[in-house]
S.K.: 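My questions will all concern the structure given below.
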Amino acid sequence: MNFEGRDVISIKDFSKEEILYILEVAQKMVPIAEGKEKSDLLSNYIMASLFFEPSTRTRLSFETAMKRLGGMVIGFSQPGTTSIQKGETLADTIRTAESYCDVIVMRHPNEGSARLAAEFASVPIINGGDGAGHHPTQCLLDLFTIKREKGSIEKNRIALVGDLKYGRTVHSLAYALALFGVDMMFVSPPELQMPKEVVEECREMGVDVTISNKLDNLDEIDVLYVTRIQKERFPDPEEYSRVAGSYRIDLKTLENAKEDLIVMHPLPRVDEISSEVDKTKHAAYFRQTFNGVPVRMALIALVLGEVK
Ligand code: NCD
């Protein structure tokens with residue numbers, strides 16, 4: 001397996017074996033991610049972190065990942081303070097950044113922007129989310145979380161809940177779970193259903209997909225993956241107000257849940273999960289947030305060729 005120099009644009013760029021290998025490397029990174037062991041593996045490297053869209057976890061965990069491995073970080077999270085404000089194109093911004101660094105992490109509101117950036121860059125591009133398109137590193141940390149929490153990815157029945165139309169994390173995750181042969185339930189308001197292509201692709205890969213607008217049968221579910229309604233991607237604000245608050249997970253919802261059901265969420269949450277759930281054994285979302293660090297450490301080290 002060779003990751004050196006590779007771009008990370010979509011989870012579809014990776015085979016099941018490659019995904020499992022990334023998770024294996026991530027597992028070894030955990031003590032360094034926790035700050036219990038020191039590392040200078042990437043001490044000669046600079047990562048550019050180019051965020052054209054709001055982010056808390058993705059940007060901070062990438063920067064933490066790089067720094068925990070002894071690397072350095074440059075970049076911006078407010079594109080309004082850069083030459084983009086003067087009309088500079090994405091291509092020129094990327095060509096500039098790459099002359100200052102060894103790897104670029106970017107998030108951008110346009111679908112396809114990471115792929116476009118990769119065409120211009122000779123350093124690896126890691127996609128931190130391109131519009132409603134892909135979010136491969138979130139997908140890897142979601143898989144890592146399921147594996148750590150449940151012991152395996154395969155033996156679970158998983159429900160993806162919320163905004164399945166605009167939520168990029170669920171587009172990547174549905175594909176990856178299908179690759180692992182996991183049956184899924186897609187639960188959303190009718191207006192926010194999983195795109196047809198994603199559903200068809202999962203079915204062609206041989207998994208059983210159930211589509212519903214009601215969250216019932218919680219007693220059959222092992223992993224409940226909740227998402228935020230992606231307000232910023234709605235063309236019509238009225239359409240948003242019709243579906244806002246569609247699903248809310250609280251203690252009552254979880255009454256019939258399996259003892260060991262885990263609730264995941266890529267975060268940020270707005271009101272999809274009541275804060276009273278945080279204290280229950282079901283809540284895995286803050287551990288999921290932490291898992292972004294070892295997974296991103298593994299990815300950066302692999303694409304830089306420092307882990308083989
Ligand atoms: C998600 C994203 O940006 O797609 N957040 C994240 O990366 N952890 C989910 C969201 O914004 O709802």
Side-chain angles (χ1 to χ4, degrees), residues 8-11 26 33 49-66 75 77-79 105-115 125-146 159-177 186-189 191-195 198 223-234 240 243-249 262-273 278 283-297 299-300:
V8 181
I9 308 297
S10 160
I11 196 68
S49 150
L50 312 184
F51 279 71
F52 298 81
E53 239 197 6
S55 170
T56 300
R57 278 147 290 269
T58 304
R59 186 172 66 83
L60 293 183
S61 63
F62 260 114
E63 297 188 6
T64 300
M66 192 63 187
S77 55
Q78 286 173 321
V105 176
M106 66 173 268
R107 167 172 287 190
H108 196 281
N110 297 347
E111 244 177 275
S113 51
R115 185 82 63 200
I125 296 281
I126 304 181
N127 182 7
D130 61 325
H134 298 278
H135 199 344
T137 67
Q138 179 72 39
C139 178
L140 289 164
L141 81 88
D142 292 342
L143 295 173
F144 187 61
T145 302
I146 297 170
L160 308 185
V161 183
D163 184 349
L164 307 184
K165 181 178 179 184
Y166 296 115
R168 52 192 170 201
T169 71
V170 282
H171 299 161
S172 299
L173 187 58
Y175 171 85
L177 290 173
F186 295 157
V187 183
S188 69
E191 301 91 325
L192 297 180
Q193 278 183 3
M194 187 65 95
V198 180
V223 178
L224 188 62
Y225 188 98
V226 185
T227 62
R228 175 179 69 89
I229 309 274
Q230 308 280 299
K231 184 178 184 182
E232 68 276 28
R233 308 209 195 281
F234 276 67
Y240 171 76
V243 290
S246 292
Y247 301 96
R248 183 173 164 83
I249 310 300
I262 58 164
V263 180
M264 293 175 60
H265 192 307
L267 302 179
R269 69 174 147 181
V270 183
D271 51 12
E272 312 81 53
I273 304 178
D278 300 0
Y285 30 93
F286 291 115
R287 292 192 294 276
Q288 180 183 0
T289 299
F290 165 77
N291 287 337
V293 179
V295 166
R296 289 171 172 133
M297 289 166 88
L299 267 180
I300 303 167

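One is the number of the first residue; the rest follow in order along the sequence. We count ligands from 1, going down the list as the structure has it; atoms in each ligand are counted the same way. All of these numbers come straight from a predicted model, not from anything done at the bench.
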S.K.: Taking Gln288 for the side chain and Leu141 for the main chain, is one N or O donor matched with an acceptor at less than 3.5 Å?
M.R.: no
S.K.: Among Ser10, Cys139, Pro195, whose side-chain contact (heavy atoms from CB on, under 4.5 Å) with His171 holds?
M.R.: Pro195
S.K.: Among protein heavy atoms, which lies nearest atom 7 (O) of ligand 1, and at what distance?
M.R.: His135 NE2, 2.8 Å
S.K.: Do any heavy atoms of Arg107 fall under 4.0 Å from ligand 1?
M.R.: yes
S.K.: For Val263, does its backbone N or O pair with a side-chain atom of Tyr285 as donor and acceptor, under 3.5 Å?
M.R.: no
S.K.: Regarding Arg107 and the six-membered ring of Phe51, is the cationic atom NZ or CZ under 6.0 Å from the ring centre and inside 45° of its axis?
M.R.: no
S.K.: Which option wins on minimum heavy-atom distance to atom 9 (C) of ligand 1: Leu267, Thr227, Val270?
M.R.: Leu267
S.K.: Of all the atoms in ligand 1, which lie at a distance below 4.0 Å from a heavy atom belonging to Thr169?
M.R.: 1 (C), 4 (O)
S.K.: Do the non-hydrogen side-chain atoms of Arg248 and Asp271 ever get within less than 4.5 Å of each other?
M.R.: yes
S.K.: Students should be able to answer this: which protein heavy-atom is nearest to atom 8 (N) of ligand 1, and at what distance?
M.R.: Pro266 O, 2.9 Å
S.K.: Can you list the atoms of ligand 1 that are under 4.0 Å from a heavy atom of Thr58?
M.R.: 6 (C), 7 (O)
S.K.: How close does the nearest protein non-hydrogen atom get to atom 4 (O) of ligand 1, and which residue and atom is it?
M.R.: Arg168 NE, 2.7 Å
S.K.: Using 30° and 60° as the class boundaries, would you call the ring planes of His108 and Phe52 parallel, tilted or perpendicular?
M.R.: tilted
S.K.: Which atoms from ligand 1 have a heavy atom of Pro268 less than 4.0 Å away?
M.R.: 10 (C), 11 (O)
S.K.: Tell me, which protein residue and heavy-atom name are nearest atom 11 (O) of ligand 1, and how many Å apart are they?
M.R.: Arg228 NH2, 2.9 Å
S.K.: Indicate the atoms forming the closest heavy-atom contact of Arg269 with Ile273, along with that distance.
M.R.: NH1-O, 3.2 Å
